[in-house]
Amino acid sequence: MPGANLPLAGPPPRVLIGRAPLRADSVGRAAARRAGWRMVFEPTRAPRREPLMGWLSSDDPLAGLELRFDDLDAAIDFAERRGWEWTVLEPPPRAPRR
């Protein structure tokens with residue numbers, strides 16, 4: 001993609017890495033394994049309310065950007081190669097089945 005290797009202005013972004021949510025049409029454990037990992041960027045600017053319609057908007061260029069990876073190591077390696085600070089979000093513990 002053209003421009004993909006251009007550096008970002010300002011400090012390096014912080015990213016959050018966590019399990020990708022399952023799609024609504026996925027079923028079973030095999031689908032959960034295929035869901036993979038996702039990387040999202042922490043917001044750098046607070047959203048502001050648009051005065052006419054009252055919608056929330058942001059001028060953050062990385063807001064809403066999500067990257068998907070097959071495994072956790074690939075996501076961490078991607079962030080480290082670019083010098084980004086990263087945090088892995090562990091999924092909450094599941095309640096035992098009865």
Side-chain angles (χ1 to χ4, degrees):
M1 174 170 22
N5 293 330
L6 295 176
L8 295 171
R14 292 184 45 84
V15 294
L16 303 173
I17 302 170
R19 292 295 259 165
L22 294 178
R23 297 187 337 240
D25 62 346
S26 63
V27 179
R29 292 180 187 221
R33 283 194 299 270
R34 285 193 304 265
W37 293 82
R38 72 177 182 161
M39 178 185 296
V40 294
F41 293 85
E42 284 188 352
T44 57
R45 300 177 186 129
R48 63 182 189 280
R49 189 161 301 276
E50 195 267 322
L52 180 63
M53 298 298 290
W55 297 335
L56 287 177
S57 66
S58 174
D59 57 353
D60 186 1
L62 299 176
L65 181 63
E66 178 180 304
L67 304 173
R68 293 200 175 233
F69 298 91
D70 291 333
D71 58 1
L72 177 61
D73 294 332
I76 292 172
D77 185 46
F78 185 84
E80 287 181 346
R81 280 185 284 151
R82 282 151 181 80
W84 298 343
E85 295 180 36
W86 51 271
T87 303
V88 175
L89 302 174
E90 294 296 328
R94 296 182 65 176
R97 292 186 139 196
R98 293 183 184 187

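- Follow the hydrophobic side-chain contacts under 4.5 Å out from Val40 and you reach Leu89 in the same cluster.
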Inset, instruction - For the pair Arg14 and Phe41, evaluate side chain to side chain contact (heavy atoms under 4.5 Å, CB included) and give the outcome as yes or no after the intermediate values. - result: CA-CA 6 Å; Arg14 292 184 45 84; Phe41 293 85; over 6 Å; no
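- With sequence neighbours excluded, the residues that form a side-chain hydrogen bond (donor to acceptor under 3.5 Å, both in side chains) with Arg81 are Asp77.
- Of all heavy-atom pairs spanning Ser58 and Pro47, the tightest one is CB-CA, 4.5 Å.
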Legend entry - Worked check of side chain to side chain contact (heavy atoms under 4.5 Å, CB included) between Leu16 and Met39: CA-CA 6 Å; Leu16 303 173; Met39 178 185 296; over 6 Å; no
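- Looking at residues two or more places apart in sequence or on another chain, you find no salt bridge (charged side-chain N to carboxylate O under 4.0 Å, His left out) involving Glu90.
- When all heavy atoms of Arg19 and Gly36 are compared, the pair lying nearest together is NH1-O, 3.5 Å.
- Annotation for Asp60 and Arg45: closest pair CA-NH1, 3.7 Å, computed over non-hydrogen atoms.
- Shown here for Ala75 and Phe69, the closest heavy-atom pair between the two residues is CB-CD1, 3.5 Å.
- The side-chain hydrogen bond (donor to acceptor under 3.5 Å, both in side chains) test applied to Arg68 returns Glu66, not counting sequence neighbours.
- Put simply, the side chain of Asp59 reaches to within 4.5 Å of the side chain of Arg48, judged on heavy atoms.
- Annotation: side chain of Val15 is not in contact with side chain of Leu67 (no heavy-atom distance under 4.5 Å).
- Expressed to the nearest 0.5 Å, how far CH2 of Trp84 lies from CD1 of Ile17 amounts to 10.0 Å.
- The minimum heavy-atom distance between Ile76 and Trp86, with the atom names listed, is CG2-CZ2, 3.5 Å.
- Looking only at side-chain heavy atoms (C-beta outward), Pro13 and Thr44 stay at 4.5 Å or farther from each other.
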